[in-house]
There are 2 protein chains.
Amino acid sequence: MTPTRKGKRRIVTLKQVAELAGVHASTVSRALNPSTRSMVMPAVVERVVKAANNLGYRPDPVAASLRTGRSALVGILVPDIANTVFAPILSGASERLSAQGYSVILADVGNDESKQIDLVTGLMARRVDGLILATVSRDDPLVAYCVEQDLPAVLVNRAETQSRLSSVVSDDTLGMKMAVDHLVELGHRRIAHLAGPARHSTGFLRRRGFTAAMTANGLDADAAPCENADAFARGAGAAAMRQLLDTSPDITAVVAANDLLALGAYDALRERGISCPGDISVIGHNDMPLVDMVEPALTTIRISHREMGRQSADLLQQAIEQHDVPVRTIVLPPQLVVRRSTAAPRMRG
Amino acid sequence: MTPTRKGKRRIVTLKQVAELAGVHASTVSRALNPSTRSMVMPAVVERVVKAANNLGYRPDPVAASLRTGRSALVGILVPDIANTVFAPILSGASERLSAQGYSVILADVGNDESKQIDLVTGLMARRVDGLILATVSRDDPLVAYCVEQDLPAVLVNRAETQSRLSSVVSDDTLGMKMAVDHLVELGHRRIAHLAGPARHSTGFLRRRGFTAAMTANGLDADAAPCENADAFARGAGAAAMRQLLDTSPDITAVVAANDLLALGAYDALRERGISCPGDISVIGHNDMPLVDMVEPALTTIRISHREMGRQSADLLQQAIEQHDVPVRTIVLPPQLVVRRSTAAPRMRG
DNA sequence: GTGAAAGCGCTAACAC
DNA sequence: GTGTTAGCGCTTTCAC
């Protein structure tokens, strides 16, 4: 009959508190809920609170959730927790969310993009109040799904082409401009781009930012060598860099779409005995942990992922609590961090 | 009256499926639940399943949870998601857990150890079926609390002194032996230890393992210099290493209790113009991402954190599903990874 | 301002 | 093997 698995866990219900306080259960509910507390006389509130404390009453969120349809639960979808870019985002978001009274259901999506919608359906069944999506591609059916289902959701780190949901991203255009400007100031002219996957906004926008920055510096962007990596991964970066070296051996600098790609480029350079920054300068993007310790210490564009996480949590809270908040895109400014992987180009005979 | 926030989300209930299938709701419940399906005639099951599919029925986990006391939810407590050690643990655990049908509630505890019990109380209110704890200290009140509350829980990465809960850890003793043996083989005799916080099993056990390994190699363990870092962090490692260099300038090698500490040691060495491995060899522990790229590439003891995560999920599943599983400790074997930070000691005048 | 009553969607005795 | 019934613990109309 009793569904509790173990004898030890006693559950104190509203009704018991009500009895002790000498009021009806519904009054207890009102007295204990901050947003309805004003309906109850202060003296009664006090009596109820005291009774609740005496009994060690803990409201049952499951029962409340069944009744209200809300859950104080937020789902966060990440493509890969082990990726050092997403961990700080998650950390920032969960910090802020728990301060706001939400718990986090974490879903590590992996590469199973097809399963994402099912996953979200499952989260909706659990009555999550909203979603933070760090997984979306530039044109992701998941976004349409959330909009359609009227499920509050915000994007973080990546954005989609149509802005149907609020998002928090870094200013990729500005970041690339900082990177290219830095190299041009050092004297570079033959600058290549190691691009990331174009299906993600980060890959796409950084590539476009690279082109724009080259043009702005009076360089022929169309002629600039560019190689696409299939993934934001070290191996993919190495492969793309090898291609680049085969095709355009005369480059003096390369702007990578992220740090992992840059590190892959290091691998390719090392294989061929090409020195960095002596022969070729390399610049990354993200400033992930430890890139200051690699050899040579990586010059890169710093993004505050943790802050992105925090802001996405704030945005989501608004989307949940107010009904019609307009879509907003928060663009965080990146920062150039100069280390040892960039230097003036070597004079050529 | 209706508690659903938005008009769009239609909820299909058991009752509706029952009507369409021409049976009672409880029959639908039985037919759809694998573990009670056998009570229902195959023909009826089929009819019910078809009706459910037609209607797009999704069982409501919240309602089920209220009734059963279970939730298919597992809480994972980590001290710091952004720490590259815990991300793969989380990744491995969540991978396995979601395959088993559980969702993960992630709690980033931070340093608020005092808040842990409250946090767990909150998770219990949400009816989590069990907990994976990556946070515990060697003598953690949280363990007693879980045992007392009869809440299934397993420890991962760290263990407690009394083994009241199952755990998955790396063989720290063996790991330290591998480290010391490696250095001794290279010819080192004056080996120091950069110890981690003794309140965590990793710090404590690795220190003890260091001592044991020194003794096993015929070296005077008591005389071996040892400095405690307050935290497993790069800054703390640097500070401890400076101490070590002040106190015992004649050491030729240092065994760090983890990679972050070893990297901190690099910082201290660099400050003083001491070369690694030329003057002093350094060995880490964990083999976290990118330590192969630092300069010099770090020799370390590899631990498969992802595998630890997976196994902890398996252990937890057993603890949840069977009532009286004995406490088990799974000890994973580490692996020596030799890179460039260790070398034969320089000859001394 | 407070009590009464209904019911969120499901499962598990208990009948038959 | 299936229907009936009774809640799980809470919130929120609706009365007064």
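Chain letters run A, B, ... following the sequence lines, proteins first and then strands; every chain starts at 1.
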Next item on the list: Please work out if B:Val23 contacts a base, only the sugar-phosphate, or nothing of the nucleic acid, heavy-atom cut-off 4.0 Å.
Entry: sugar-phosphate
Next item on the list: Respond yes when some side-chain nitrogen or oxygen of B:Thr27 is under 4.0 Å from OP1 or OP2 of D:dG3, and no when none is.
Entry: yes
Check: What's the CZ-P distance between A:Arg127 and D:dC10, to the nearest Å?
Finding: 17 Å
Check: Taking OP1 and OP2 of C:dA4, is either one under 4.0 Å from a side-chain nitrogen or oxygen of A:His24?
Finding: yes
Next item on the list: With heavy atoms under 4.0 Å as the rule, sort A:Pro59 into base, sugar-phosphate or nothing.
Entry: sugar-phosphate
Notebook entry, point to check: Are the charged groups of A:Asp60 and B:Arg126 less than 4.0 angstrom apart, N to O?
Noted result: no
Check: Of all the nucleotides listed (C:dT11, C:dT2, D:dG3), which has the minimum atom distance to the side chain of B:Arg30?
Finding: D:dG3
Next item on the list: For D:dT12, take OP1 and OP2 only and decide whether either is under 4.0 Å from a side-chain N or O of A:Arg70.
Entry: yes
Next item on the list: Might you confirm whether atom CZ of B:Arg306 has over 12 heavy atoms from other residues, nucleotides or ligands at distances under 6.0 Å?
Entry: yes
Checklist line | Positive for side chain to side chain contact (heavy atoms under 4.5 Å, CB included) with B:Tyr102, one of B:Asp129, B:Leu73, B:Val128 | finding: B:Asp129
Check: If you take all heavy atoms of A:Gln311 and A:Leu332, which pair is closest and at what distance?
Finding: NE2-CD1, 3.9 Å
Next item on the list: Scan B:Ser26 against the nucleic acid and name what it touches under 4.0 Å (heavy atoms): base, sugar-phosphate only, or nothing.
Entry: base
Check: How do B:Ala63 and B:Val44 order along DNA chain D: which one's closest nucleotide is nearer the 5' end?
Finding: B:Val44
